[in-house]
Amino acid sequence: MKAYNPHEIEPRWQKAWAESGIDEVREGDERPKKYVLEMFPYPSGDIHMGHARNYTIGDTIARYYRMKGFDVLHPMGWDAFGLPAENAAIKHHSHPAKWTYSNIATQKASFKRMGFSYDWDRTVVACDPEYYRWGQWIFEQFWKRGLVERRNSPVNWCPSCKTVLANEQVIEGRCWRCDSEVEKRDLTQWYFKITDYAQELLDDLDQLEGWPERVKQQQANWIGRSEGAEVTFTLCSPDGSVPENPTDDDLITVFTTRADTLFGCSFFVLAPEYAGVADLVRGTEYEKPVMDLVEASKKVTALQRAQGDHEKHGAFTGRYVVNPVNGQKVPVWVADYVVADYGTGAVMAVPCGDQRDFEFARKYDLPIVPIILGEDDPLYPQLKSEKNRVVTSVDWDAAYDAEGYLVQSGEFTGMKGGKHSEGEAAVVAKLEEMDLGKRKVEYRLRDWLISRQRYWGNPIPAIHCPKCGVVPVPEEDLPVMLPKDIDLAAGETLATHEEFINCTCPKCGGPARRETDTMDTFTCSSWYYLRYTDPHNDQQPFDPAKANAWMPVDKYIGGIEHAILHLLYSRFYTKALRDMGLVNIDEPFRNLLCQGMVLDEHGDVMSKSKGNVVSPEKMIDAYGADAVRAYILFMAPPEKELLWNEDGLAGLYKFLNRAWRVVCDLMAQADDETLFEKADEKKAAAARKQLVRERHRVVGKVTADIERDNFNTAIAAVMELVNAASDYLHVVAPDARAEGADDAVLARDVAETIVKLLSPITPHWSEELWCTVLGHEPSIHEEPWPTFDPEKAKSDEVELAVQVNGKVKARITVAADEAEDAIKQTALSAVSHALEGKDVKKVIVVKGRLVNIVAK
RNA sequence: GGGAGCGUGGCGGAAUUGGCAGACGCAGCGGACUUAAAAUCCGCCAUCUUUUGAUAUGUGGGUUCGAGUCCCACCGCUCCUACCA
């Protein structure tokens, strides 16, 4: 018997598969398609266990579907633009491309060693001009359709990466990439109007039945739809008089979800960044304190806010606005707790019903007028039908933000108040009637800031002409190539590269300057899955017919850290491209599997600084790729974290050895007499029966488990079949398995079944046994998946637990098709000792499982 | 503060709709083989108890013939989010 030697068989089969092109996609195939995709990696260096896990899961699924008779697209590429390459280039005085392509080569070699079945002919590398050309083209199509905007506003700036960041890339006030504190700056930047799709991005989450609930929840929270109303207040003149015929300049609008509390508005607050703040106070005694506050709030970093420093600061502007529902004048303040870019940047403050307003009112001694009360509030009996203000202060220590009844609220007094309440609807109706308010939906989602002040990215294809303004680069001139001669270490950037910058305006032909910002790397990863469907197209980003044939991705596998960023952006791209007629789908990813992290044995994140990184390469050196793959899938369900434990890996290696021997022993003929003793025929018959049952049961179990991503229990089931085969081998001697005998047929069937069931997981191990021990031609990976007969998985006798009042008291064995009455009788007599002195009230028979006797 | 999820042996984890808790594996213990070790093969392995049996899925209640699973409250942990009016 040949021993299992992964180090010999793995490279041999990898070479053979590459030569035969077995993993390449066949175009024009008649079979139904499956598009299995793993998130493409950033070429940061050697692969780590997270990669190994992600891609092992995907490869197993892809191989399974091939055997199930699908035409499978399973591609791989690299998300190759980004800052680490630039930093490496600065450090080593070289070019980012050098570092990037060298890492790609390293990673690709590792992926091949893992035995991943990618169609390498379809590789997409994001920094390849053949790819980024079409990223620019798509940018221009978005531009044409009004999805691109250039505007000045406060943005997140990372001082360490020296670039702006999208909202989604700021995590607790820090840069997602380098962890530096993010600053606010006023800059003119490029945006994608993802907010145009806010409602659809929210609604279509319902279509995504194959997505984890928590990811959908996170996206819904991020989009943050909020239903409310706009309410218009009139600004009083500097002398405090109410303008008789107010112009648009005299009106200030707020967004609120609680119009029902409008009668409790006792002051009015503008964000420090609110556009008209300076004009309101210019030349007055209030100018200095207000403008000091505006300056100070710029210095309060997002980080300080994230860390819970919610001390509110404000300053009075000296101006007043008129409350539209009761005509009351309320003071206008500027305060740093109002967010400038949500709603209108102004809020009506109702301190009795909003905790933030309450805190601010207490700090600056502003009135707190109770206008919504719970029935158990001590003030309620006094105020419950009071329409006018009689109480204008409270001794509460927090706002009342629950549902309640409106009081001191004019005609609305007595109505129910709260979000989406009767009172809210009535107030909004009244405002609409007066033409001073209307229903409004707001979203938390902001437009996607896509420009970056970095070299190693996709250049934004725009030209600044002093005469014509900002104009797109003509399509035939795409791509705008990144200049290769740049010395980043010397501080050069695109903005200092005169040769790159100087150009002529495509409209007027005059001298012009090229845009020097590049696009966020997330633009590259927002459509790569479409490029895979037609990777060599040099006429368009992809042929819509090909994309439509393959899309959507049937199974998308990647890390949960992309729950918002990448997945939201990709959904947006897909919808925008759909509206341009390039694809006919609404959503790119039908099923999403978010794999858990790989942690060290103590549950800590693996990191170079901690020195606890386990290298996949070293594990392959020690145990072979198949054992590593099987271990990764066996030790935890895919979405859970995996605690690395090398003893466990050794265990899987031992299992592959044991299963190898069992397969060989099953195929051994009578000449190999030393192996087993001859057993009596009765035992042998029972062992045969048992093995047949296990064979059918396990195929059913493994198939169902792989379909629902339970690879750990699928492997456990194969282990059970191997154990059953081993038991059988101990009873049935090899000479019973001579050529042509029933046992020979059974033994071969079980051997082939084991090898096939493991082949998506351990492709080299299976291929070797298939071709040598089982004597077939390559390749097992083109064989059909084993089938099973549920009838044959059934046993003709079953053991039932007999419970008395829910506690197991005995076990009985009955024929599988035994009648219920007979089962009851058997059960009752089996537990007669436990029933003495009791009345049997009821007997419940659960077929195939148990009998429960209720007795008192 | 808001949202989502999770608590099962020494460890990783099983348990489709409520139906015999602990599959499968790791570690451990015992045995066979061996001069010996490794490898391999066989057996044991939740807790208490001599057997019978009793107790066990974070804690306390509830629904049910029956609860790891459903409901309520509490405790603990993890992730996401954060002044969004």
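Atoms considered below: every heavy atom in the structure, side chains included; atoms not considered: hydrogens, waters and symmetry mates. Note that the structure is predicted; figures quoted are calculated from it, not measured.
The base of rC41(B) does not come close enough to the side chain of R658(A) for any donor and acceptor atom to sit less than 3.5 Å apart. Contact of K841(A) with rC65(B) (side chain to base): no donor-acceptor pair of N or O atoms is detected under 3.5 Å. Counting atom types as modelled, R258(A) pairs no side-chain N or O with a base atom of rA85(B) as donor and acceptor under 3.5 Å. Evaluation of atom-type donor-acceptor distances gives no pair under 3.5 Å for the side chain of D647(A) against the base of rC26(B). A donor and an acceptor atom sit less than 3.5 Å apart, one in the side chain of R708(A) and one in the base of rU16(B).
Regarding W333(A), its CH2 atom lies at a distance of 24 Å from the P atom of rA85(B), rounded to whole Å. Separating the CG atom of D709(A) from the C1' atom of rU16(B) is a distance of 15 Å, rounded to the nearest angstrom. Counting to the nearest Å, the P atom of rU81(B) and the CD atom of Q169(A) are 13 Å from each other. Taking atom CG of residue L567(A) and atom P of nucleotide rC80(B), one finds them 15 Å apart after rounding to whole Å.
Heavy atoms of F634(A) sit under 4.0 angstrom from at least one base atom. Within the nucleic acid shown, N221(A) comes within 4.0 Å of sugar-phosphate atoms alone, with no base atom in reach, counting heavy atoms only. As judged by a 4.0 angstrom heavy-atom cut-off over every strand, R444(A) is placed among the base-contacting residues. Backbone-only engagement by N723(A) is indicated by non-hydrogen atom pairs under 4.0 Å involving sugar-phosphate atoms exclusively. Using a 4.0 Å heavy-atom criterion, one finds that L643(A) contacts no nucleic acid atom at all.
Here rA36(B) sits opposite no nucleotide as a Watson-Crick or G-U wobble pair (both hydrogen-bonding atom distances under 3.5 Å). Taking a pair to require two hydrogen-bonding distances under 3.5 Å in either a Watson-Crick or a G-U wobble arrangement, rG1(B) pairs with rU81(B).
Taking the P atom of each, rG76(B) and rC70(B) are spaced 22 Å apart, rounded to whole Å. On the P atoms, rA37(B) is 14 Å away from rC29(B), given to the nearest whole Å. Rounded to the nearest Å, the gap between the C1' atom of rG2(B) and that of rG12(B) is 34 Å. For the P atom pair drawn from rA14(B) and rC72(B), the interatomic distance equals 25 Å after rounding to whole Å. The same atom, P, is picked in rA46(B) and in rC11(B); the two are 14 Å apart, to the nearest Å. A distance of about 23 Å separates the C1' atoms of rG13(B) and rA4(B), rounded to the whole Å.
For N710(A), the listed nucleotide lying nearest its side chain is rA15(B); candidates were rA15(B), rC42(B), rG3(B). Nearest nucleotide to the V808(A) side chain, out of rA85(B), rC41(B), rA21(B): rA21(B). The side chain of Q217(A) has rG3(B) as its nearest neighbour among rC24(B), rA85(B), rG3(B). The V339(A) side chain lies nearest to rC84(B) when the options are rC84(B), rG13(B), rA23(B). Here the side chain of V846(A) is nearest to one of rG13(B), rC65(B), rG19(B), namely rG19(B).
Between W660(A) and Y4(A), the angle of the ring planes lies from 30° to 60°, which puts this pair in the tilted group.
With salt bridges taken as basic N to acidic carboxylate O contacts below 4.0 Å, one links R439(A) and E424(A).
Here rG9(B) is in the syn range [glycosidic angle within 90° of 0].
Nearest heavy-atom pair across A346(A) and F268(A) is CB-CE2, 4.1 Å.
For F267(A) and F360(A), the gap between ring centers is short of 6.0 Å.
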